[in-house]
Amino acid sequence: MGNWTLPPTGGHMEKPSKIYYQTMTKKDVEERLKVNDILLIPFGSTENHGDAQPYGEDVFIVTRMCEMIAQKTGCTVAEPLWYASHPFAHLGQTGTVPIPDDLTSALVRSIVSGYWNAGFRKQILMSSHGQEYIIPSAIQEWAKKYQVPAVIIFLDVMKIMGDALKDKAHGGPFETPFRHGDEAENSICLALFPEFVQMENCVDTKPWGFLPEGHIDKGGDIYNYPIPGQSHVGGSGVEFAVFPEGVLGKPSLAKAEKAYEAIKNYLNYVVKLHDDIRAKFPPGVLPEAKYMTQRSEEEIDLLLKGPDRGGRHIYTIAWPS
């Protein structure tokens, strides 16, 4: 679909390139909304990824790809959320900063509310840290509470990369199965932000669990095993005890080019999703309210206008706590 340059000329979070919402002025945003009112919201984590990869790896994976998508489509990117919900197995891992599930959900609902009120009523939330058990739930809770026209979509990065992240035994380019901080994930890092990776410090580990292979997914839920990685406790040990190195596999085998297909698959998909949303709902157009809510036409009109155009803000419905 698109021509992508890897590694990208990335790192726009503090540049005046008007990719990120937080670097734009009120006037900038008003002009942007006239031509493109789709917002990408990256979710990552602060998490141990070993001696060779940065703690913010999950953030940089999504922000670098968001920047590339925004440059191609003209949409806007929100600054990322650096902290995340984690499964039980991550608790106590040195350097990892988990936050509670209910706080994660509240943050998601608050973020969605704030950007809806700002005029970005079409939002694509994405995470390379999983959280597929909490972010979609938060979106559903938000919709049940507010019941206003919107297009809010969550994307699990690794699932969309899919087959291109698998090992050679399953048709992919990698020597080893995809797992946290391993060959595949480190290859993504090298392809997107090589300046943060220290290959000379790679430490490899040999993954193992209590149950035999075939029950619990190896990572990213891309192998379609019966039990997703976040859907168990006790199928393996907690990581501070069994993988204190912070990686599950062989990051030393990583090469940027191994991840190119996976990254391009994701970028191409999100551009297509963006374009399909924009074609169906051009700037300023949303799903018809009668198909989304039983709130009165008058109330919806006031909410869509917003407080600075004689309408109402979204918090007149409820506070997202």
Side-chain angles (χ1 to χ4, degrees), residues 7-33 35-47 49 53-86 96-99 103-131 134-136 138-139 142 150-157 188-189 192-193 195-196 263 266-267 270-271 273-274 277 313-315 320:
T9 55
H12 288 266
M13 282 189 270
E14 294 187 19
K15 291 182 179 178
S17 46
K18 298 185 180 179
I19 286 176
Y20 285 95
Y21 177 92
Q22 282 78 3
T23 65
M24 299 167 69
T25 67
K26 181 174 179 287
K27 181 177 176 60
D28 290 334
V29 170
E30 289 170 349
E31 293 301 313
R32 177 67 54 79
L33 288 169
V35 296
N36 193 318
D37 56 359
I38 296 174
L39 182 72
L40 308 181
I41 308 179
F43 289 81
S45 72
T46 297
E47 180 177 37
H49 285 90
Q53 296 149 246
Y55 282 111
E57 174 176 318
D58 290 341
V59 169
F60 294 124
I61 288 173
V62 280
T63 55
R64 291 294 167 92
M65 292 195 295
C66 282
E67 291 167 7
M68 297 170 76
I69 293 161
Q71 288 173 312
K72 188 169 290 291
T73 64
C75 70
T76 305
V77 183
E79 294 278 357
L81 188 64
W82 287 91
Y83 305 98
S85 165
H86 288 253
T96 296
V97 185
I99 61 176
L103 177 55
T104 303
S105 179
L107 281 169
V108 172
R109 289 181 277 113
S110 298
I111 290 166
V112 170
S113 298
Y115 284 122
W116 193 96
N117 200 59
F120 289 99
R121 281 122 194 200
K122 301 150 196 172
Q123 303 175 18
I124 302 173
L125 288 61
M126 58 182 74
S127 173
S128 68
H129 175 68
Q131 301 183 91
I134 194 68
I135 295 179
I139 292 171
W142 180 86
V151 178
I152 313 293
I153 294 172
F154 171 70
L155 302 179
D156 186 336
V157 171
I188 294 172
C189 297
L192 291 174
F193 43 91
E195 67 273 26
F196 292 146
I263 293 169
Y266 185 78
L267 295 172
V270 180
V271 169
L273 175 63
H274 168 281
I277 293 170
H313 59 72
I314 195 171
Y315 306 108

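Fair warning: this is a prediction, and the values are worked out from it, not measured in the lab.
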Can you measure from [atom1] ([X]) to [atom2] ([Y]) and round to the nearest 0.5 angstrom?
{"X": "R64", "Y": "S128", "atom1": "CZ", "atom2": "OG", "result": "13.0 Å"}
{"X": "T104", "Y": "I134", "atom1": "OG1", "atom2": "CD1", "result": "6.5 Å"}
{"X": "C75", "Y": "N36", "atom1": "SG", "atom2": "CG", "result": "5.5 Å"}

Under 3.5 Å, side chain of Q123 to main-chain N/O of V112, donor-acceptor pair present?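 Pair found, side chain donor or acceptor close to backbone of V112.
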
Is a donor on one side and an acceptor on the other found under 3.5 Å between the side chain of N117 and the backbone of I314?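 Such a contact is found between N117 side chain and I314 backbone.
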
Which pair of non-hydrogen atoms, one from [X] and one from [Y], has the smallest distance, and what is that distance?
{"X": "L192", "Y": "P8", "value": "O-CD, 3.5 Å"}
{"X": "H49", "Y": "P54", "value": "ND1-O, 3.6 Å"}
{"X": "L81", "Y": "V59", "value": "O-CG2, 4.0 Å"}
{"X": "F154", "Y": "S127", "value": "CE1-CB, 3.8 Å"}
{"X": "D37", "Y": "G119", "value": "CB-O, 4.1 Å"}
{"X": "F193", "Y": "I61", "value": "CE2-N, 3.5 Å"}

Can you tell me how the ring of W142 sits relative to the ring of W116, calling it parallel under 30°, perpendicular over 60° and tilted otherwise?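 It falls in the tilted class, 30° to 60°.
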
Would you call the rings of F60 and F196 parallel, tilted or perpendicular, where under 30° means parallel and over 60° means perpendicular?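 Tilted, since the angle between the ring planes falls between 30° and 60°.
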
Report the C-alpha separation of Y20 and H12 in whole Å, then their side-chain angles, then the decisive distance to 0.1 Å, and conclude whether the side chain to side chain contact (heavy atoms under 4.5 Å, CB included) test is met. CA-CA 8 Å; Y20 285 95; H12 288 266; 3.9 Å; yes

Could you walk me through whether Y83 and S45 satisfy the side chain to side chain contact (heavy atoms under 4.5 Å, CB included) test, starting with their C-alpha distance in whole Å, then the side-chain angles of each, then the deciding distance to 0.1 Å, before giving a yes or no? CA-CA 4 Å; Y83 305 98; S45 72; over 6 Å; no

Check whether any side-chain heavy atom of [X] lies under 4.5 Å from a side-chain heavy atom of [Y], and answer yes or no.
{"X": "T76", "Y": "F120", "value": "yes"}
{"X": "V97", "Y": "W82", "value": "no"}
{"X": "Y21", "Y": "E79", "value": "no"}
{"X": "T23", "Y": "K15", "value": "no"}
{"X": "M65", "Y": "Y266", "value": "yes"}
{"X": "Q131", "Y": "H86", "value": "no"}
{"X": "T96", "Y": "T46", "value": "no"}
{"X": "I41", "Y": "M126", "value": "no"}

Would you call K18-E67 a salt bridge at under 4.0 Å N-O?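 Salt bridge: no.
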
Walk me through it: do L39 and K122 pass the test side chain to side chain contact (heavy atoms under 4.5 Å, CB included)? CA-CA 6 Å; L39 182 72; K122 301 150 196 172; over 6 Å; no

I38 and side-chain contact (heavy atoms from CB on, under 4.5 Å): which single residue from L33, I69, T73, I124 fits?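 Considering L33, I69, T73, I124, a side-chain contact (heavy atoms from CB on, under 4.5 Å) with I38 is found only for I124.
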
Worked verdict on V62 versus F43 for side chain to side chain contact (heavy atoms under 4.5 Å, CB included): CA-CA 7 Å; V62 280; F43 289 81; over 6 Å; no

Counting only heavy atoms from other residues, nucleotides and ligands, does the tally under 6.0 Å from CD of E195 exceed 12?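 Yes.
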
Short side-chain donor-acceptor distance under 3.5 Å, S105 and R109: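 A donor-acceptor contact under 3.5 Å links the two side chains.
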
